[in-house]
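Please read the structure below before turning to the comments.
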Amino acid sequence: MTRKSLILGALALALAAFAAAAWLVTRPAPVADAVPVAPEMAEALLRPYSPILGPEEAPVTIVEFFDPACEACRAFYPVVKDIMAEHGDAVRVAIRYTPFHGEASEEAIRVLEAARMQGVFEPVLEALLREQPRWASHGAPEPGLILEIAASAGLDAEAAKTQMLAPDVLGILNQDRADVEAVGVRGTPTFFVNGKPLDPFGEAELRALVAAEVAAAES
């Protein structure tokens, strides 16, 4: 073998080793290794009043910072429901209101709180998401449609008009806004699973993080 061949071979091996090392350093950490939020942030992450979908005593909690006018939240809703169905009683979802889309978002949140008072939260939520393109168009939102859509899902619209203005509803909106700021949420949906942030964001990553937490709870 010539001296030139030896040098070229050595260079190739060195480049391969460098590339492998760079990949190991820069590759994303597995979502299962996500670090929970600091203890002092735990209260801001989940409040006792937050709406819960699924079993109250489930060992795994998905916290979703959610805007009812958000197209991505609408797209992720069936994914979240499928994850809950896959894991049965092991998973629940806590919703934190994140009214990033202005008047339409706030109106929808008030309607959802009225629906919760009336025991029809989930059907009204699903109706609002299903009809979101009608009332939450980012070009020309029509928040006036929200009560009409909610009524079609079982809401007593006349009672809701008073319930929507209750001081408790305003308190929930204000506290959730403060918590969104404290946690540093900048977009919706933003997910945490048992206090661990979903990073990187994605459907596969959410499924993997939930599965890991369910497995840990069952071990």
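Everything numeric in this text was worked out from a predicted model, so none of it was measured. Below, all heavy atoms of this structure are taken into account, side chains as well, without hydrogens, waters or symmetry copies.
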Gap between atom [atom2] of [Y] and atom [atom1] of [X] - 0.5 Å precision:
{"X": "Asp179", "Y": "Arg47", "atom1": "CG", "atom2": "CZ", "answer": "4.0 Å"}
{"X": "Thr190", "Y": "Phe66", "atom1": "OG1", "atom2": "CZ", "answer": "13.0 Å"}
{"X": "Leu46", "Y": "Ile52", "atom1": "CG", "atom2": "CD1", "answer": "6.0 Å"}
{"X": "Gln118", "Y": "Gln163", "atom1": "CD", "atom2": "CD", "answer": "4.5 Å"}

Distance-only, no hydrogens or angles: does the [X] side chain make a donor-acceptor pair with backbone N or O of [Y] under 3.5 Å?
{"X": "Gln132", "Y": "Cys70", "answer": "yes"}
{"X": "Asp89", "Y": "Ala58", "answer": "no"}
{"X": "Arg110", "Y": "Met164", "answer": "yes"}
{"X": "Thr61", "Y": "Pro59", "answer": "no"}
{"X": "Arg96", "Y": "Val63", "answer": "no"}
{"X": "Trp135", "Y": "Leu128", "answer": "yes"}
{"X": "Glu203", "Y": "Val79", "answer": "no"}

Next on the checklist: Show, in sequence, the C-alpha distance, side-chain angles and deciding distance for His87 and Glu213, and conclude whether the side chain to side chain contact (heavy atoms under 4.5 Å, CB included) test is met.
Outcome noted: CA-CA 11 Å; His87 295 290; Glu213 290 299 309; over 6 Å; no

Checklist entry - Between Arg92 and Glu57, is a salt bridge (charged side-chain N to carboxylate O under 4.0 Å, His left out) present by the stated rule, with each step listed? => result CA-CA 8 Å; Arg92 66 178 188 158; Glu57 302 302 319; over 6 Å; no

Next on the checklist: Using the rule given for side chain to side chain donor-acceptor pair (under 3.5 Å), can you reason through Asp67 versus Ser105, listing the C-alpha separation, both sets of side-chain angles and the distance that settles it, and then say yes or no?
Outcome noted: CA-CA 6 Å; Asp67 184 338; Ser105 296; 2.7 Å; yes

Checklist entry - Can you list every salt bridge (Lys or Arg N to Asp or Glu O under 4.0 Å) pair that touches residues 111-126, not counting sequence neighbours? => result Lys81-Glu122, Lys81-Glu126, Glu113-Arg116

Next on the checklist: Going by salt bridge (Lys or Arg N to Asp or Glu O under 4.0 Å), name the pairs with one or both residues in residues 160-171, residues two or more places apart or in two chains.
Outcome noted: Glu158-Lys161

Checklist outcome for this item: Phe121 meets the ring pair (Phe, Tyr, Trp, His ring centres under 6.0 Å) criterion, sequence neighbours left out, with none

Next on the checklist: Is it the case that the side chains of Tyr77 and Asp82 hold a donor-acceptor pair, with the cut-off being a distance below 3.5 Å and no angle test?
Outcome noted: no

Checklist entry - In terms of ring plane angle, is the pair Phe201 and Phe191 parallel, tilted or perpendicular, where the classes change at 30° and 60°? => result parallel

